[in-house]
Amino acid sequence: MTISLRFSEEDTKLIEDYARANNLNVPDFIRQAVIEKIEDEIDLTVYRRALDESEKNPKTYTLDEVEKELAL
């Protein structure tokens, strides 16, 4: 799949300069940035769900309790 993007000259220069400073080519940098953004959104969703569950059931366990329960 090919995706085409258009950036202003100012944005293009910023992206190119950043990629160059980090030893990346522009397509690799953009791909990496998009994937990281998606992963961050997924992590935030998982975190919010876990927080909701924790608020519903605030019981916590120590590491020793978990190890004993799992026979570790």
Side-chain angles (χ1 to χ4, degrees):
M1 173 192 295
T2 300
I3 297 174
S4 177
L5 302 170
R6 294 176 196 246
F7 295 101
S8 69
E9 286 183 33
E10 184 177 301
D11 288 345
T12 299
K13 180 167 177 13
L14 179 65
I15 291 166
E16 289 172 340
D17 290 348
Y18 183 88
R20 189 176 310 106
N22 289 280
N23 297 317
L24 297 168
N25 62 46
V26 171
D28 286 344
F29 166 63
I30 292 173
R31 184 180 310 105
Q32 178 182 336
V34 169
I35 297 300
E36 286 178 10
K37 173 66 174 172
I38 292 168
E39 290 172 344
D40 288 349
E41 289 291 326
I42 291 168
D43 289 347
L44 185 57
T45 298
V46 170
Y47 166 76
R48 286 179 176 153
R49 286 182 187 158
L51 188 59
D52 287 345
E53 288 299 316
S54 176
E55 289 172 354
K56 290 176 189 173
N57 180 13
K59 174 81 171 116
T60 60
Y61 300 90
T62 66
L63 179 58
D64 289 337
E65 290 170 328
V66 172
E67 287 175 342
K68 184 176 178 182
E69 180 69 25
L70 297 175
L72 298 176

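Numbering of residues begins at 1 and proceeds along the displayed sequence. This is a predicted model, so every value here is computed, not measured.
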About how many Å separate [atom2] of [Y] and [atom1] of [X], when rounded to the nearest 0.5 Å?
X: Asn23; Y: Asp28; atom1: CG; atom2: CG; value: 12.0 Å
X: Asp64; Y: Glu69; atom1: CG; atom2: CD; value: 13.0 Å
X: Arg31; Y: Ile3; atom1: CZ; atom2: CD1; value: 10.0 Å

OH/Tyr18: more than 12 non-hydrogen atoms of other groups inside 6.0 Å =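 Check fails, neighbour count at 12 or below.
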[X], [Y]: one ILVMFWY side-chain cluster at the under-4.5 Å cut-off?
X: Leu51; Y: Tyr61; answer: no
X: Leu5; Y: Val26; answer: yes
X: Leu44; Y: Ile42; answer: no
X: Met1; Y: Ile30; answer: yes

Of all the heavy-atom pairs spanning Glu65 and Thr60, show the shortest one and how long it is.
->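 In this case the closest contact between Glu65 and Thr60 is OE1-O, 4.1 Å.
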Just do the salt bridge (charged side-chain N to carboxylate O under 4.0 Å, His left out) check on Lys37 and Asp40 with the steps written out, would you?
-> CA-CA 5 Å; Lys37 173 66 174 172; Asp40 288 349; over 6 Å; no
Just do the side chain to side chain contact (heavy atoms under 4.5 Å, CB included) check on Ile15 and Phe7 with the steps written out, would you?
-> CA-CA 9 Å; Ile15 291 166; Phe7 295 101; 3.7 Å; yes
Between the side chain of Thr45 and the main-chain N/O of Glu41, is any donor-acceptor distance below 3.5 Å?
->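 Checked: pair present.
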Please test Arg20 against Asp17 for side chain to side chain contact (heavy atoms under 4.5 Å, CB included), starting from the C-alpha separation and ending with a verdict.
-> CA-CA 5 Å; Arg20 189 176 310 106; Asp17 290 348; 3.0 Å; yes
Residue of the set Glu16, Glu9, Glu10 for which side-chain contact (heavy atoms from CB on, under 4.5 Å) holds with Thr12 |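 Considering Glu16, Glu9, Glu10, a side-chain contact (heavy atoms from CB on, under 4.5 Å) with Thr12 is found only for Glu16.
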